[in-house]
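Okay, structure first, notes after.
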Protein chains: 2
Amino acid sequence: MDSAVGQGGRPSSAAQGAATRAAILEAAAALIADLGWGQVTTRAIAARAGVPHGAVNYHFQGKDDLLRQAAIAGTLNALAGPLSIARAAGSVQEVLDGILAWFTCGALNDPSVALLLETARQSTRDPLVREPLATKLREFRATLTELVRRSQERGDIAADSSPAGTATMVAALLDGLMLHVLLDPELDLSETADTIRSLLRGR
Amino acid sequence: MDSAVGQGGRPSSAAQGAATRAAILEAAAALIADLGWGQVTTRAIAARAGVPHGAVNYHFQGKDDLLRQAAIAGTLNALAGPLSIARAAGSVQEVLDGILAWFTCGALNDPSVALLLETARQSTRDPLVREPLATKLREFRATLTELVRRSQERGDIAADSSPAGTATMVAALLDGLMLHVLLDPELDLSETADTIRSLLRGR
DNA sequence: GGTTAACTTGGCCAAGTGGACAGTGCGGTT
DNA sequence: AACCGCACTGTCCACTTGGCCAAGTTAACC
């Protein structure tokens with residue numbers, strides 16, 4: 001709104017709009033995580049984004065539209081991390097260790113987790129929110145399934161269960177642990193992690 | 001508020017208060033599950049409970065107080081079901097089967113699940129909500145731990161993992177599956193259930 | 001220079017929202 | 001019968017909220 005304008009003579013006006021839009025989206029996602037979906041107000045979003053409250057209704061069709069876009073973008077972005085971990089991993093154990101480490105390294109305080117939960121909750125009411133989220137989760141499970149298959153072939157984990165079933169179990173397990181740690185931050189996951197590793201290994 | 005009064009001459013005034021109070025609490029819990037914590041209004045609660053909206057402020061100290069009480073009571077009540085399943089069960093497998101059956105039997109549409117999620121989310125902001133919930137969850141894990149220990153002694157499940165770690169894993173797994181089915185109602189749990197049973201059995 | 005279109009800004013409004021409160025009715029007590 | 005106190009009941013109020021809009025600003029285009 002000040003220094004970045006008029007330098008190269010490029011797209012001051014048009015690009016400024018995109019920047020404002022992005023700032024509003026980011027602020028909205030942060031507020032959903034902070035306050036909960038229903039407590040977010042357009043004025044609070046504007047304040048957090050550092051724009052006047054009229055700007056919100058200029059760039060978006062309404063509060064619902066804005067919250068939907070912000071939640072979906074933020075959640076997909078948050079899920080991209082674990083997904084890339086799963087893609088890069090060579091074994092199921094690596095995924096488990098990676099994500100468990102992420103949990104104990106302060107992911108609890110990460111607003112991504114809160115946003116994920118809020119979006120999940122909202123997705124039961126709004127199909128427009130649920131659809132992209134469910135698609136991403138299926139993608140995650142598919143990646144995990146392929147990983148399980150490879151790990152089974154290599155003998156890393158027990159081969160007597162279906163890869164898809166095992167992948168769903170692992171994904172649910174990780175999310176469930178996230179939920180439990182959120183409710184009870186003092187919960188120690190080390191024993192549980194050992195148990196999971198041991199069980200997957202097939203004793 | 002009409003026919004029930006003045007019949008036997010018993011508890012008209014005092015008991016009527018308790019009934020109204022209970023109706024408000026129940027309506028509040030239902031609305032939290034339906035609309036989400038932040039979207040609930042005292043007027044909507046009063047309408048659902050069939051009382052004038054002034055009654056809400058008469059019986060409770062304020063909206064926060066009411067929502068807290070309603071959410072805690074409703075959630076503890078919802079958790080009592082699974083807990084009694086776990087108490088009555090003779091083995092870990094029984095708990096798994098019982099709760100998985102409960103999932104596929106329409107627990108997804110059960111407002112209890114929605115209320116549980118809303119309360120869990122709120123508990124990250126309000127310690128007064130988190131405390132009783134965390135206590136109940138610890139109780140659930142403790143019951144499960146004892147069950148795991150007994151199942152291990154009997155040889156029903158692999159005995160090479162700590163009972164506490166296994167119990168936490170099972171609890172998280174169930175909650176995680178609940179979350180995934182909520183997001184993707186078409187998700188088939190049968191393969192996953194087989195996988196879990198197989199893994200727990202120690203192959 | 002003038003025009004246009006995208007963007008910004010702050011004021012405004014109707015529709016709630018939570019809470020307060022002055023009454024009202026009625027059972028129980030004396 | 002007179003009284004008391006509890007459980008309401010409906011109204012009122014200060015305030016917030018989402019959304020609209022009429023100006024203002026800026027940069028690109030003719």
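Labels below follow one simple rule: chain letters A, B, ... track the order of the sequence lines, proteins then strands, and each chain is numbered from 1.
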Original post:
Counting side-chain heavy atoms from CB outward, which of C:dT8, D:dC20, C:dC12 is closest to A:Asn57?
Top reply: D:dC20
Original post:
Are side-chain N/O atoms of A:Gln122 and A:Arg125 paired as donor and acceptor at under 3.5 Å?
Top reply: yes
**OP:** State which of D:dG19, D:dG10, C:dA6 makes the closest approach to the side chain of B:Pro52.
**Re:** D:dG10
Original post:
Think B:Thr41 has a side-chain N or O under 4.0 angstrom from the OP1 or OP2 of C:dG16?
Top reply: no
Subject >> Nearest-nucleotide 5' precedence on DNA chain D, A:Lys63 against B:Gly54 >> reply: B:Gly54
Subject >> Salt bridge B:Asp184-A:Arg130, side-chain N to carboxylate O under 4.0 Å >> reply: no
Subject >> Pairing residues for A:Asp188 by the side chain to side chain donor-acceptor pair (under 3.5 Å) criterion, not counting sequence neighbours >> reply: A:Ser190
Subject >> Pairs involving residues 33-43 of chain A, ordered by first then second residue, that meet side chain to side chain donor-acceptor pair (under 3.5 Å) (sequence neighbours left out) >> reply: A:Asp34-A:Arg48
**OP:** Report yes or no: is there a donor-acceptor pair, N or O only, under 3.5 Å between the side chain of B:Arg43 and the base of C:dG16?
**Re:** no
Subject >> Atom pair distance, as rounded to whole Å: CG in A:Leu35 and P in D:dT17 >> reply: 11 Å
**OP:** Could you tell me whether the phosphate oxygens of D:dG18, OP1 or OP2, come under 4.0 Å of any side-chain nitrogen or oxygen in A:Thr42?
**Re:** yes
Subject >> 5′-ward residue of the pair A:His53/A:Tyr58 relative to DNA chain C >> reply: A:Tyr58
**OP:** Quickly work out the A:Gln39 CD to D:dG18 P distance and round it to whole Å.
**Re:** 11 Å
